[in-house]
Protein chains: 2
Amino acid sequence: MESRCENCIVRQFNSLRAMNKEELKKVSDSKVYKTIKKGEALFQEGEKLDGIFCVRDGVSKLSKLSANGKDQIVKLASKGEVIGQRSVIAEESTNLSAVAVNDMEVCFIPKEIISNTLNTNPNFAVEVLRHMAHDLKEADDVIVNMSQKTVKQRMAEAFLYLKNNYGETEDGFLTLTLSREDYANVVGTATESCIRIISEFKKKGFIKTSGKQIGVANEKQLQDLIDGF
Amino acid sequence: MESRCENCIVRQFNSLRAMNKEELKKVSDSKVYKTIKKGEALFQEGEKLDGIFCVRDGVSKLSKLSANGKDQIVKLASKGEVIGQRSVIAEESTNLSAVAVNDMEVCFIPKEIISNTLNTNPNFAVEVLRHMAHDLKEADDVIVNMSQKTVKQRMAEAFLYLKNNYGETEDGFLTLTLSREDYANVVGTATESCIRIISEFKKKGFIKTSGKQIGVANEKQLQDLIDGF
DNA sequence: CTTAAAACATGATATTTATCAGGTTTTAAT
DNA sequence: ATTAAAACCTGATAAATATCATGTTTTAAG
């Protein structure tokens with residue numbers, strides 16, 4: 001485990017790279033390294049956060065509970081991403097829960113350092129702003145997908161998204177394994193409907209499965225389905 | 001028409017209030033006042049923006065065209081709000097179109113002033129960041145609503161949202177009048193379904209209508225419907 | 001004032017999706 | 001190794017929603 005933020009490779013992917021040496025040293029001195037087991041929560045919807053989490057390894061699902069008791073997964077955050085900055089910046093309690101999809105390693109960074117740096121280092125503020133702008137665009141896209149695409153199309157998108165963003169194993173299965181329920185919560189459908197579509201896609205040869213594992217078997221046909229053919 | 005930004009009341013509601021006198025003077029000297037007629041576009045999805053728009057009067061719908069040819073309205077922006085900052089900050093072309101819902105007055109502010117100020121005035125950057133964080137939270141809420149609530153619930157929410165954010169006339173109709181098609185594009189449904197629900201709500205006494213105009217007749221019953229009773 | 005276009009409206013029907021109910025398989029703890 | 005719980009799966013059915021067809025009303029242009 002590399003313990004100095006200054007040398008941490010993960011940082012290259014997120015807004016912390018806009019910090020200067022001095023600022024990074026402060027972060028490094030006050031950060032807390034944590035491991036989180038699969039299924040455990042980094043935080044729950046409604047909590048006040050005392051800082052942000054920088055993901056070193058593993059994946060977290062960010063979700064919001066709806067009135068009918070279902071969880072909607074709004075985003076998956078993985079290596080190099082920062083979780084909780086929206087809430088810290090707006091000085092509000094979080095609107096989302098963060099739960100580990102697999103075992104995680106994260107660094108907790110106290111919010112004082114973040115807000116101090118925001119207020120004094122414009123480069124950092126602009127860098128964070130860029131990331132937030134990107135997240136906002138992605139959220140807009142999700143809104144449009146949710147309202148205009150069918151469940152089958154959203155399932156197909158989910159498989160391609162996971163393939164492109166998390167890769168596949170040498171035997172062609174998606175590296176990131178989600179439960180059927182998680183898939184349902186990502187695309188916003190009932191677990192049974194999700195399972196049915198997985199069965200259908202498998203029968204049609206779009207995907208292959210082996211227990212929990214799912215692999216993309218025919219990317220073009222999945223893409224055609226997304227495009228409405 | 002008040003022509004100096006320093007005195008513009010609209011500014012009090014958006015991130016421009018974090019600018020100092022000197023910065024505001026620059027904005028004031030380079031801004032361009034524009035009127036946009038109902039139905040005209042401020043910009044189209046995919047365009048590169050040379051600046052941002054500060055809304056002085058009127059309302060704009062921000063929407064994204066989906067593959068099947070339908071428009072999804074992602075947000076309504078009105079007096080005091082700033083449009084286009086996401087795109088300018090990320091230095092990307094816009095992901096949304098902005099079309100006037102009614103006659104508008106806006107000030108166009110060139111992007112150079114915005115980015116210069118972002119890079120030199122941390123107060124301004126943090127203020128913009130706060131607004132963006134707020135927008136992101138709202139977008140998350142929309143995602144959850146889209147996937148977990150029924151069309152009827154979303155329609156009911158739309159009426160209450162318009163009442164709370166734009167008010168009503170003395171005879172109890174919503175101040176902001178949207179076409180049935182716009183309502184459909186806000187809640188993400190077919191125009192026919194939208195019209196049917198309006199008829200049903202009217203029959204049940206939840207709302208009243210008079211031509212295009214719609215008024216909330218029974219707020220509690222609408223809220224009960226949203227809450228799942 | 002006339003008239004074409006757009007917006008509004010409603011019925012009939014098809015499609016999509018959720019729900020309920022009942023299974024089997026897998027996982028993890030004793 | 002046994003067993004309870006969780007995850008997975010499928011059928012039957014109901015509910016929600018979209019689509020198509022068609023007619024009426026409103027709006028805006030000439």
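By convention in this document, chain letters (A, B, ...) are assigned in the order of the sequence lines, proteins followed by strands, and residues within each chain are numbered from 1.
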Between [X] and [N], does any side-chain N or O lie under 4.0 Å from OP1 or OP2?
| X | N | result |
| --- | --- | --- |
| B:T191 | C:dA7 | no |
| A:K70 | C:dT19 | yes |
| A:K212 | D:dC8 | yes |

Rounded interatomic separation in angstrom, taking [atom1] from [X] and [atom2] from [N]:
| X | N | atom1 | atom2 | answer |
| --- | --- | --- | --- | --- |
| B:M146 | D:dT17 | CE | C1' | 14 Å |
| B:I198 | C:dA7 | CD1 | P | 14 Å |
| A:I197 | C:dA18 | CD1 | C1' | 12 Å |
| A:Y183 | D:dC9 | OH | P | 12 Å |
| B:Q148 | C:dT19 | CD | P | 10 Å |
| A:E200 | C:dT15 | CD | C1' | 13 Å |
| B:I207 | C:dC8 | CD1 | P | 13 Å |
| B:E181 | D:dT26 | CD | C1' | 15 Å |

Consider the side chain of [X], meaning its heavy atoms from C-beta on, and name the nucleotide among [options] that approaches it most closely.
| X | options | result |
| --- | --- | --- |
| B:A190 | D:dA18, D:dT10, C:dC8 | D:dA18 |
| B:T150 | C:dT10, C:dC20, D:dT17 | D:dT17 |
| B:R196 | D:dC20, C:dC20, C:dC8 | D:dC20 |
| B:I195 | D:dT19, C:dT17, C:dC8 | C:dC8 |
| B:E192 | D:dC20, D:dA7, D:dT10 | D:dC20 |
| A:T189 | C:dT19, C:dT10, C:dA18 | C:dA18 |
| B:S179 | D:dT10, C:dA18, C:dC8 | C:dC8 |
| B:S193 | C:dA7, D:dT10, D:dT19 | D:dT19 |
| B:S199 | C:dA7, C:dT10, D:dT10 | C:dT10 |

>> Taking the cut-offs as 6.0 angstrom to the six-membered ring centre and 45 degrees off its axis, would you call B:K31 and B:F108 a cation-pi pair?
In response: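 Verdict for B:F108: no cation-pi partner in B:K31.
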> Distance from A:L178 atom CG to A:F159 atom CZ, nearest 0.5 Å?
Replying inline: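 If we round to the nearest 0.5 Å, A:L178:CG and A:F159:CZ are 9.5 Å apart.
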So, are [X] and [Y] salt-bridged, with charged N and O less than 4.0 Å apart?
| X | Y | value |
| --- | --- | --- |
| B:E219 | B:K163 | yes |
| B:D141 | B:K137 | no |
| A:E105 | A:K34 | no |

>> On DNA chain C, does the nearest nucleotide to A:V151 precede the nearest nucleotide to B:T209 from the 5' side, or the other way round? Give the residue.
In response: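 First, find each residue's nearest nucleotide; the 5'-ward one identifies B:T209.
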> 5'-most contact on DNA chain D: A:S147 or A:L178, nearest heavy atom basis?
Replying inline: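 The residue whose closest nucleotide sits nearer the 5' end is A:L178.
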>> Taking the nucleotide of DNA chain D with the nearest heavy atom to each, does B:G188 or B:K38 sit closer to the 5' end?
In response: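 Looking at the nearest nucleotide for each, B:G188 comes out on the 5' side.
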>> Testing A:R196, A:K203, A:K204 one by one against A:E200 for a salt bridge (charged side-chain N to carboxylate O under 4.0 Å, His left out), which residue passes?
In response: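 Exactly one option meets the salt bridge (charged side-chain N to carboxylate O under 4.0 Å, His left out) with A:E200, and it is A:K204.
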> Under 3.5 Å, is there an N or O donor on one side and an acceptor on the other linking the side chain of B:R180 and the base of D:dT25?
Replying inline: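 No pair found.
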